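The analysis underlying the following values was restricted to heavy atoms, covering all of them including side chains, and did not include hydrogens, waters or symmetry mates. Counting from 1, the numbers follow the sequence of the chain as shown. These numbers were taken from a predicted model, which means no experiment stands behind them.
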Amino acid sequence: MGTHALILAGGLGTRLRPLTFAIPKPLVPVGETPIIELIIRHLKKHGIRQFHVSTNYKSEILKLFCGDGSKWGVRIGYIDEEKPLGTAGPIGLVDLPEGEDLLCMNGDILTDFNFRKMLAFHRKHKADFTVGTVQHERQSRFGEIESDEKTHRIRNVREKPMYTATISAGIYIVNTRIRGVFIPAGRHLDMPDLMMKLVKSRKRVLDYPIREHWNAIEKLSDYEKLYDEE
């Protein structure tokens, strides 16, 4: 069986309003192409033909646009969330045999990441769960002062320093053997909580650094920045 992908498309997209008043976030266009179409086309290049899309907010519009996936040469099925299931909960409803690997990806990600390489890494290390990661730079809003705790003498002043952190890229590979105990069907669960449950249970949870282009369109400023960079 070929690898399946789950696209998480059920969020309200409140931080992208007013763009998401009329449409769900994955249908927000980049140029003339909705984000979800860019995701599907990219993953198809890497051999994925079977897609599952979790829906909730304005699901009928999303389904009308994507259909069964035949216009892109793929197959799309839908997971209708009667109530929001979070970023990990929908995994429990994907119809896949135990032991299969499932790519799970947020529906607001623009990236050129190489899925085949990530999958090869996941399988080589026999991982239960692999999370794609990126390096994120954040600048402090304030100047920061370093001083001696005893004498209160100032040693250094750093004006709005930059910090780098490793963050989740919203791209995961999950082996379905962890379902059931860790991802109960129909229960709300978010990815950070799932990862911590797996770590505490000593499952193989690995990070895969993504070096390629990556953007998360989580809020209006992220979207506006796409056009500022042109």
Side-chain angles (χ1 to χ4, degrees), residues 3-81 84-91 94 102-116 118 132-138 167-172 190-191 210-230:
T3 303
H4 288 228
L6 168 63
I7 300 176
L8 301 166
L12 297 176
T14 53
R15 290 188 292 172
L16 264 179
R17 290 176 179 172
L19 299 177
T20 52
F21 276 132
I23 59 174
K25 182 163 61 170
L27 288 186
V28 169
V30 176
E32 298 181 354
T33 308
I35 296 173
I36 194 167
E37 180 176 346
L38 293 172
I39 292 173
I40 290 170
R41 288 184 180 277
H42 176 68
L43 293 179
K44 182 187 174 185
K45 290 179 183 177
H46 287 268
I48 295 181
R49 298 289 191 276
Q50 305 284 339
F51 289 83
H52 309 264
V53 179
S54 64
T55 66
N56 181 267
Y57 177 67
K58 297 190 178 297
S59 62
E60 68 284 353
I61 301 175
L62 189 66
K63 290 179 181 179
L64 185 63
F65 176 76
C66 295
D68 63 2
S70 57
K71 62 182 175 181
W72 299 310
V74 302
R75 292 183 179 179
I76 298 177
Y78 296 92
I79 297 171
D80 296 315
E81 300 181 36
L85 295 177
T87 50
I91 297 170
V94 175
L102 173 69
L103 171 70
C104 186
M105 183 170 172
N106 293 350
D108 59 4
I109 303 295
L110 298 175
T111 180
D112 295 329
F113 90 109
N114 190 317
F115 168 69
R116 285 191 175 96
M118 184 175 177
T133 59
V134 293
Q135 295 298 300
H136 175 69
E137 287 192 341
R138 175 182 59 84
I167 65 169
S168 167
I171 300 169
Y172 316 88
D190 284 321
M191 285 294 186
I210 292 175
R211 310 297 187 193
E212 298 91 344
H213 168 78
W214 176 91
N215 257 325
I217 315 302
E218 295 183 338
K219 54 187 185 296
L220 199 56
S221 60
D222 296 328
Y223 185 72
E224 292 168 345
K225 188 178 178 181
L226 293 177
Y227 295 92
D228 293 339
E229 293 173 349
E230 291 183 352

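Under the side chain to side chain contact (heavy atoms under 4.5 Å, CB included) criterion, Glu137 pairs with Met162, Thr164, sequence neighbours left out. Partners of His46 by ring pair (Phe, Tyr, Trp, His ring centres under 6.0 Å), not counting sequence neighbours, listed by chain and number: His42. With sequence neighbours excluded, no residue forms a ring pair (Phe, Tyr, Trp, His ring centres under 6.0 Å) with Tyr78. Scanning for side-chain hydrogen bond (donor to acceptor under 3.5 Å, both in side chains) contacts around Thr33 gives an empty result, with sequence neighbours left out. Applying the side-chain hydrogen bond (donor to acceptor under 3.5 Å, both in side chains) test to Ser168 and every residue at least two apart in sequence or in another chain returns Tyr172. Here Lys63 pairs with Asp80 under the salt bridge (charged side-chain N to carboxylate O under 4.0 Å, His left out) rule; sequence neighbours left out.
When all heavy atoms of Leu62 and Ala9 are compared, the closest pair comes out as CD2-CB, 3.7 Å. Annotation for Ser54 and Leu8: closest pair OG-CA, 3.3 Å, computed over non-hydrogen atoms. Shortest non-hydrogen contact noted between Ala5 and Leu43 is CB-CD1, 4.1 Å. In plain terms, the two heavy atoms of Thr111 and Phe113 that are nearest each other are OG1-N, 3.1 Å. Leu6 and Leu102 make their closest contact through N-CD1, 3.9 Å (heavy atoms, listed as atom of the first residue, atom of the second, distance). Taking every heavy atom of both residues into account, His136 and Ile167 meet most closely at CB-CD1, 3.6 Å.
Using the six-membered ring where Trp is involved, Phe65 and Trp72 have ring planes that are tilted, between 30° and 60° apart.
The main-chain N or O of Ala169 is found under 3.5 Å from a side-chain atom of Trp214 such that the two form a donor-acceptor pair. Proximity of a side-chain donor or acceptor of Asn56 to a complementary backbone N or O of Glu81 within less than 3.5 Å is detected. The backbone N or O of Asp108 sits nowhere less than 3.5 Å from a side-chain atom of Asn106 that would complete a donor-acceptor pair.
Rounding to the nearest 0.5 Å gives a distance of 9.0 Å between CD1 of Ile79 and CD1 of Ile91. Summarising the geometry, atom NE2 belonging to His4 is positioned 9.5 Å from atom CD1 belonging to Ile48; distances are rounded to the nearest 0.5 Å. Distance check, rounded to the nearest 0.5 Å: CD1 of Ile210 to OG1 of Thr133 gives 7.0 Å. Here Arg211 contributes atom CZ and Asn114 contributes atom CG; the two are 13.5 Å apart, rounded to the nearest 0.5 Å. Separating the CD1 atom in Ile7 from the CG atom in Leu103 is a distance of 8.5 Å, to the nearest 0.5 Å. The distance from the CD1 atom of Ile40 to the CD1 atom of Ile35 is 12.0 Å, given to the nearest 0.5 Å.
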Inset, instruction - Determine, step by step, whether Val53 and Cys66 satisfy the side chain to side chain contact (heavy atoms under 4.5 Å, CB included) criterion, reporting the C-alpha distance in whole Å, the side-chain angles of both residues, the deciding distance to 0.1 Å, and the verdict. - result: CA-CA 10 Å; Val53 179; Cys66 295; 5.7 Å; no
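Side-chain contact check for Pro90 versus His52: every heavy-atom pair is 4.5 Å or farther apart.
The salt bridge (Lys or Arg N to Asp or Glu O under 4.0 Å) pairs that include a residue from residues 34-61 are Glu37-Arg41, where partners are two or more places apart or lie in different chains.
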